[in-house]
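Each chain gets a letter, A, B and so on, in the order the sequences are listed, and its residues count up from 1. Nothing here was measured: the structure is a model prediction, and the numbers come from that model.
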Amino acid sequence: MQNDQLALAQTRGSVDPRVKRPLPAWVSTTALLLPTYGWLTIAIFLPLLTMLAFSFMSATPMGKTPVEFTLKQYRAFIDQPYLLRIGFNSLMMGFWTTLFCAILGFLAAVALVRATVGKTRETLLVLILLPFWTNGLVRVFSWTMVLRENGFLDNILHMVVPDAGSISILYTRYAVVLGLVHGYLPYMILTCYIALVTIDDAIIEAAASLGARWWTILYKILIPMAAPGLISGAVLIFIPVIGSFMEPRILGGRVGVTMGTVIEDQFTQAFNWPLGASLSFTLLAVVLAIFATFSGVLRGRTAG
Amino acid sequence: MTNVKVKSVAKTYGPIPVLTDISTEFQEGSFTSLLGPSGSGKTTLLRIIAGFIKPDEGVVMIGNSDVTNVPVWGRNIGMMFQSYALFPHMTIAQNVAFGLERRGIKGEAARKEVDRALEMVRLSGFGDRLPKQLSGGQQQRVALARAIVIKPSVLLLDEPLSALDRRLRQEMQVELLRIQRESGLTTIFVTHDQEEALTLSDKVAILDRGRIVQIGDPETVYEKPLTRFAAEFLGDSNFLSGKVENGAVRLSNGTVVRSDSALPGNGADVTLAIRPEKMSLVTADTQPNKLSARITTVIYAGPVLSYILETPDGLPLKLFAQNRDGRVLREGETVSLSWSPEHTIAVAN
Amino acid sequence: MTNVKVKSVAKTYGPIPVLTDISTEFQEGSFTSLLGPSGSGKTTLLRIIAGFIKPDEGVVMIGNSDVTNVPVWGRNIGMMFQSYALFPHMTIAQNVAFGLERRGIKGEAARKEVDRALEMVRLSGFGDRLPKQLSGGQQQRVALARAIVIKPSVLLLDEPLSALDRRLRQEMQVELLRIQRESGLTTIFVTHDQEEALTLSDKVAILDRGRIVQIGDPETVYEKPLTRFAAEFLGDSNFLSGKVENGAVRLSNGTVVRSDSALPGNGADVTLAIRPEKMSLVTADTQPNKLSARITTVIYAGPVLSYILETPDGLPLKLFAQNRDGRVLREGETVSLSWSPEHTIAVAN
Amino acid sequence: AGQITVLNWQGYGTDEAWSLKQFTEKTGISVVHDYYSSESEMLTKLRTNPGAYDLVVLNAARCAQAVAEDLLQPIDFSKVPNAATVDETLRGNPNFSKDGVGFAVPWVWGMTSLAIREGKPKPESYKALADATYKGRVAMDDDAIINVGIGALMTGQDMNDPQDLAAVTEALKSIKPNVKLLWSTEDQWNKSFAANEFDLSVFWSGGSVRSKRNSKLPVEFVVPKEGAVGWVDGLGIPATAPNPEGALAFANWLIDPAFYVEWATKVGAPASSNSAALNSLPADDLSRQVHNPEYLKTMSIMSALPDDRREAFNNVWQEVKAFYAE
Amino acid sequence: MRQLGRFYLIAILLFLYTPIAVMMAMGFNESPLYELPFTFSTRWYEALLSNQPLLKAGANSIIIALITAVIATTLGTMASVALSRRTFRGKSLLQLLLLPPIAIPWLITGTAMLIFFYWSGIGRGMHALLIGHVALAIPYVVLVVGTGFKTVRADLEEAAMSLGSTPVHAFFSVTLPLLYPSILGAALFAFAVSLDQFVISYFLATPGYTTLPVQIYSAIRKGFTPEINAISTLLLLGSMAVILIFARFAKPGDTRDKR
Ligand SMILES: Nc1ncnc2c1ncn2[C@@H]1O[C@H](COP(=O)(O)OP(=O)(O)OP(=O)(O)O)[C@@H](O)[C@H]1O
Ligand SMILES: Nc1ncnc2c1ncn2[C@@H]1O[C@H](COP(=O)(O)OP(=O)(O)OP(=O)(O)O)[C@@H](O)[C@H]1O
Ligand SMILES: [Mg+2]
Ligand SMILES: [Mg+2]
C-alpha cells in the first residue's frame, strides 16, 4: 500500500511532490493481469498447448508407438459422419439448457430484486447458491431417484391420482436437460441478479410513467440493461454444457451420447488422446465462433 | 376532464412525516408551479400524483375518478424526474421514442415527433448519442423532451430547467408554455426559480414542511403573501413588527407605519412585510412611510443593486434599486427610505 | 502558490471538438465563475483541471508545477460533481468524512468537522441517513459539504447550488464565500445563475463552444461586454445596428444614437448593446438617446417588470422596470424610451 | 518393513482395511493407495510418476503394452511362493510375459457375460439381447472392447480379432429397441437394477456375486453358449518401484488362500488365479459356483489389441451409441 | 406482482432443493442402493463416523476449496479491474483466453495438466491441486466480477480520487463495497467449482491425499454407499448454518471501517 501512505502523508494545501510521477498505466495494468494470466499459462495454456500438439499426432505420444504428424484427427467429422449428429445434438442440448436457464434464472433474479429486500434477499440468494456446494455426481444420482419409474415424482403423482400411469422421464433428453438446468441455473440467477440490482428504480418508474406495462419494462428495460449478466451467464452455462458428460451418461440412458461422452471415451477407453484433443479443440472453435457471431450481432444492435 | 385533485394526502418515511394533509386541486389545462424549500416534499407529492408512491392516507383523483389504486401506466401521466432517469442503454432518439411506441406511434410518424421534440429542446443532431455522451444540461433537456413528446393529459415536471443557462431556460419556458397551451395539458411544475414560477404559471403553490401554505395566481401570491414564510420564500421581504395603533402600526422605535392591509384591533401585535423593490431611496416626501438607515453593503447583481441597510436601532433592511446609473450611493452613507402603505402587507408569523 | 493555469488546452470527443485552445489563469485565492451555454465544455474544463480527463493538447499547471501528468489524487483538488456522485453505500456522515480520513483526520476531530460541514449546508441530523433517503437538493448539499470539508487548495464546483431554492442558495453562497475567503481556496465555480455569478465572484469567465470569450471582474463583464454573445448570455441586451457617422451611430431608421464606447471610423458598421434596465420609460428630455416604441407584452417577474416593445419599423426591444408601483403601463401603449450614451456599448458580433 | 504404494481401482481387493491390517502385522509393511478410473489413466500415471508406485494392478490386455514401454520389471517368482499353485493357463498368458520372462503375477480372473433378473427367461445366447422379450429391459456396458467382443461372439467371430466389423456393428445396432441404458459403473448398475429398470444386462461375474450377496438383488449370472468374455488381472511391479521387495510380499499376500477366502466371502471377489485359493472356498460359495474353472478352458480371454484395432473397435461402439441415441 | 415474485422464488427454490432433499433422505434410508420404500436408519451416519478416510477427504476438500476461493477471487478480481476499467491493446484476446478453461472438458485439461506438470517438474500433490483448482475457478470469477463492474458507476471512483484516494484506496473503499454481491457470488462459485472438482483432483492428487469428490468418483465404480449422502448432508447443513449465522450477524452492505 505504498500509494496509500503517500496519500496519507499528503497534507492540506500542498501538492505532494512524491506522487507527481506515477507509474505509467501499463505497469499497473500489467501488474493486475499478470498473476491471473501467469497462473492460467502454467496451469491451463501450456498444458493445453501440449494437447494441441498431440491433436496433430497419429497416436498418443506416450507409448513406444512411433508418432507422426497428421491432420487426420481433424477429419474425424468427415470420416465418422455420426459425430456430426452427436455434435449437433450437443449444441442443441447446450442451447435448450441455456435458454431454460436464461428464462428461469432471469425471472428469478428479477423476482429477487423487485420482490424482496434486505436480509430476506441476501438469505434467498445464498439459499439459491448453496445447492451448488453438494457434489454434482450425488445431485445427479438424486435426480434419478426423483425421475425414474416409481421414483419420487411418480410417488407424489400417485398420492394425488392413485392410478395414473408413470410420468417418468428418466433416460430421455428431457431428463438430461432438466439435470443440466438444475446444475447450472444458479450461475444465471447470480449474474442476472448482479446486473439487475444496480438498476435505479427511477429508470423503471420513468418507463412506467411513459406507459410501459411490466412486460414492456421487462423486455425493453430490464433485459437490455441486464444483458451483461445474461451474456456472462450464457457463457458460463452454454460452454460447459456442450462438453458435459456426467449428466448425459447418468440421466440420458441410451440417448445420453454427447460430444462430452465421445471425448471422454477417447481418453478413458480408446486411449486415443489425439482424437479426443482434436474433438475438444474443434468444440472450442465452434464455441468461439458462436460467441463471436453472437457478440457481433449484439454490438451491432446496441450501436444501431 | 383531466383536472387533478389530491385530498388529505399524507406520507411518512419511518418516523418522519414528509407530507401532512395535503388537499388541493390542479385545474384542467392549468399550469401550476410548486415551490418550496429543499426537502419540503415537492418530489414526494409529484410521485404520489404519478402513482410511484402510495400515500399513507388520502386520495388522488384524476378527472373524476379515484386513481389512488391505479398503477402508474394506467394514469396517462408524463413525468420528468429530478434525476432525469434516462435509459442508459438507449440512444437519445430511442429514449424520446419510448413513450410514443407505447402509444402505438411507430416508424415514420414516431421519427417525426422525435425530431420535433429534439428540435424543441435544441438537440437536433444528438439523436444517435447515448445519454452518457451528453453534458448535464443536455441530459436534462432529453428528459424534458421524453416527458413532453407523449402529450399526456397530466404533465409532472420536477425541476425541468435547473441545469440550463438563463437564455436556454427562457427559450424552453416559451416552448413549454406553447405546448402546454396548445395541448391543454394540466401541468405541475417544480422549480426553485421564482422568476420562472411567476412568469410561467397560472397558479403558484408554496409548500413548507409538507404543507401547502399558499396557493393562488402569481401576482396575488407575490404581492399579498399570507404568511411570513411565503413572503420570505418567494422573493425577499423586510419585516417590521409593531403594535396596531389607530389603524396604523407603531414600531418599537416609535415610527408609525401605515398599511393598506386589514389590521387587527388596537394594541394587537402585527408583522408587516415590505418588498425591497418597493422601497425607495430617493427622498420623496409624498410617501407616508419613512425610515432612516445606514447602508452596510451594496451587492452588485447586474440589473439590480441590492442594498443592505440598518436602522439606528439595529433593524436590518434590504432594498433593491434598478441599476440604471451604477452605484449612486456608497456603503456607510445614511439614507432615508420610503414606501407606500399599499405595499405594506400584514402577514401571519 | 496554488494558482491554476491552463495553457492551450484542447479536447475532442471523437470528431467533436469540445474545448479549443483554452488559456487562462485562476489566481490564488480567487473565486471565478464559469458561465456558458449547456454543452459549451464547462464540465469538461473542470474535469481536465481536476485530472479526470487528459487534454489532447495543452498543459495544466497548479502552483508552479506542470500537473498535466499528475493523477487526480496528487493534485489536492476538491471537486463537486454535477451528478453529485455520492457514495451510495455510505451514510451522509461517512460520505463527508471520506476525504478527511484520506488526510489523516479521524475520530473526534473528523466528527467535529463533519458536524460543522453538515451544519453549514443545513443538514445537521441527517448524518445517519443514506444518500437515497434524501431529496435532490439535500443530496446536492451533501456533495457540496463533502467537497468543501477537506479544504483543498483548489476547489472545483460544478453547479453546486442548482437544485436549491433561492433562500437556501443565498445562505449557501454566503457560507461558501466565507469559507473561501477564510481558507484562501482558489475556487472555480460553474453556474447558470447570472446573479450568483455576479454577486459571488472575483472573476467571471464566459465560455462559448469550447472557447473563453471574455474573462474579467463581474462589473466589467456585465457593463462592458466585448461580444454580442457575452452581452446576450450574461443578462439581457437590446442590440442596435447602424453606421458610424461623426462619432455617433445612425440606425437604419435614421435615429442617431450616441455612445461613450470608442467607435470605429466614419461609415463603419457597428452593433450597440443596451441593457434593458438602463432604458427608461419616463420621458426625460435630458438624455440624448431616444426611441419611440409600442409595448407588446408585459411580463410580471416579481421585483421586476419586463416590457417587450417594438419600434415602428419592427425592431424588437426589451426594457426592465423596477416593480415599485405595479403595471403602470399597459400592452398596446406607445412610449418613448431613453438611455444614456454611457450605457451604449459597441460590441463585436 | 517399509511402505509400498499400490495403484489400483478403488475398492478392488487391495485396499480392504482388515487385509491391510493383517498384512502389516505380518510383514511390517504399510500400504498406501492411489487409484485410477480407467486403464489408460493407469498407464498415464505409471508413465508420469516414475518412482511413485510399487505395485500396479493391470489387465492382461494392458500388460503387454506396459511391458513394451519398459514400465514394468520382471517378477522374481521365487519371492512369491504362492505363485506355485497359480493356474497354468493364466500363468502362461502371453500378455503377462515377454521373451519367456514373467512381468506380472496373475491375480484374479473373471468374466463379462450376461446377468438376468431371477424369474425371467434365461438367455441361451447373446442374441437374446436383441430378443423382443426384453424390449426396453436391457442394459449395456458402456465399454467399446466388451461390446465389440459381444458383437463378435453374436456373429460367431473371434472376439479379439473380428474380421467383419460391419456385421458386429449391425448385431449391436439390432439391440437398440431393447436398450434402456448404458451403465458405466457397478454402482450405477446396482442402483438401476434395484429400481427394476432392466432385466437383462451385460455384466461382470464378480459384480453379480457382490450384487446378489451383498445387496440381495435377485440376479443370476449366465454364460450363454458362445462363451463369456474373459479377463485376467495381474500384479505388476513398475520398473522404477522404490520397494519391489515389499511389493512382491504384498503380491504374494494377495494370492494367498487365507486372504482370498476372506475377501471372496466377506466382500465378493472374482476368481483367484491361485487354484489353491479358489479351491479353499466353501463348495456352496456363490463366487465359486459362478467362477467354474472350466470356463477358463472355453472362454476367450481379452488380449492386447494393436492401436489401429482398438481405434476401430472404439469407432464401432461410438457409431452404435450414436445410433442408439437417435 | 410482488406476491407473484415471491411465489416464483419459492418454486425455484423447490426445484433447486428437490434432489438435495432426496439426497438427504437417502442418507437416512436403510438400503445402500437408494431402494424404496424408505426405511429410516442412521446406519450411514454411524458408518461415516468411523470412516476416517472419507472424513479426512471431506476436510481436505473444504480446505482446498477455501484456499482456492480466496486465491481465485483475489486474482480474478484484480484481472477484472484491468479488463473492465482499463483500455489496452489485446484486451479482447485476453478475454477470449478465459474461455478455454471452461470450454475444454475437464478431463482433457486434467490429462494435459498431469503430463505438463510431470514434464515441467511441478509434480502432483496439494500444491498441484491448488494450481489446477485456482486456474479453473479464475474464469468464473473474472466473468462474474466483470458483470458487476459494468454496473458500478465510474464517477464514484472519480469522486473518491478527487477527495484524495489513490486508485487502490478508491477501489477498496468505494468500488469493492459496491461490487460486494458480485465478489461474494464469485467466491461462492469458486468455492463450488473447487468443491465439486474431481477430474483434475483425480489426476493431481498424490496417494494418501484425496478429496471428497475424488473419493466419490473412484468409489462409484464399485458402488458408493449413502455415507456419501451423509457427509454431503452434513457439509451442506454446516455451510448453510455458517452462512445464515454470518448473514444474520454481519450487517450486510455495511462497510463501515474496513481498515
Ligand atoms: N463522453 C462523451 N462523448 C461524446 N461527447 C461528449 C462526451 N461528454 C461530453 N460530450 C460533449 O461535450 C460537450 C461539452 O460537454 P460538457 O459536459 O463539458 O458541457 P457543460 O458545459 O458542462 O454543459 P452543461 O451545462 O449542460 O452541463 C457537450 O456537447 C457534450 O455533448
Ligand atoms: N426514501 C426515503 N427515506 C426517508 N426519507 C426520505 C426518503 N425520500 C425522501 N425523504 C425525505 O422526505 C423529505 C421530502 O423529500 P422530497 O424529495 O419530496 O423533497 P423535495 O421537496 O423534492 O426537495 P428538493 O427540492 O431538495 O428536491 C426530505 O426531507 C427527504 O429527506
Ligand atoms: Mg425534489
Ligand atoms: Mg456540465
Taking only residues at least two apart or on different chains, which pairs with a member in residues 90-100 of chain E satisfy salt bridge (Lys or Arg N to Asp or Glu O under 4.0 Å)?
none

Main chain of E:V144, side chain of A:S232: is a donor-acceptor contact present, judged purely on distance under 3.5 Å?
no

Part of A:L112 lying under 4.5 Å from any heavy atom of chain E
both

Is the ring pair A:H182/E:F15 parallel, tilted or perpendicular, if the boundaries are 30 and 60 degrees?
perpendicular

Considering only heavy atoms, which portion of A:L129 lies under 4.5 Å from any heavy atom of chain E: side chain, backbone, both, or neither?
side chain

Below 4.5 Å from any heavy atom of chain E, which atoms of A:L147 appear? Answer side chain, backbone, both or neither.
neither

Please classify the contact between A:M246 and chain E as side chain, backbone, both or neither, with a heavy-atom cut-off of under 4.5 Å.
side chain

Heavy-atom cut-off 4.5 Å, strictly under: side chain, backbone, both or neither for A:S142 against chain E?
both

So which part of A:A226 gets closer than 4.5 Å to some heavy atom of chain E, the side chain, the backbone, both or neither?
neither

Let me know if A:Y37 has heavy atoms under 4.5 Å from chain E in its side chain, its backbone, both or neither.
side chain

Between A:W26 and E:F88, is the ring centre distance below 6.0 Å?
no

Could you look at A:Y187 and say if it's the side chain, the backbone, both or neither that has a heavy atom under 4.5 Å from chain E?
both

Side chain, backbone, both or neither: which part of E:L130 has a non-hydrogen atom closer than 4.5 Å to chain A?
backbone

So, the side chain of E:Y8 versus the backbone of A:L104: is there a donor-acceptor pair under 3.5 Å, distance only?
yes

Contacting region of A:R139 [heavy-atom separation from chain E under 4.5 Å]
both

Salt-bridged, E:R153 to A:D200, with N to O below 4.0 Å?
no

Engaged part of E:V134 at the chain A interface, taking heavy atoms whose separation is under 4.5 Å:
both

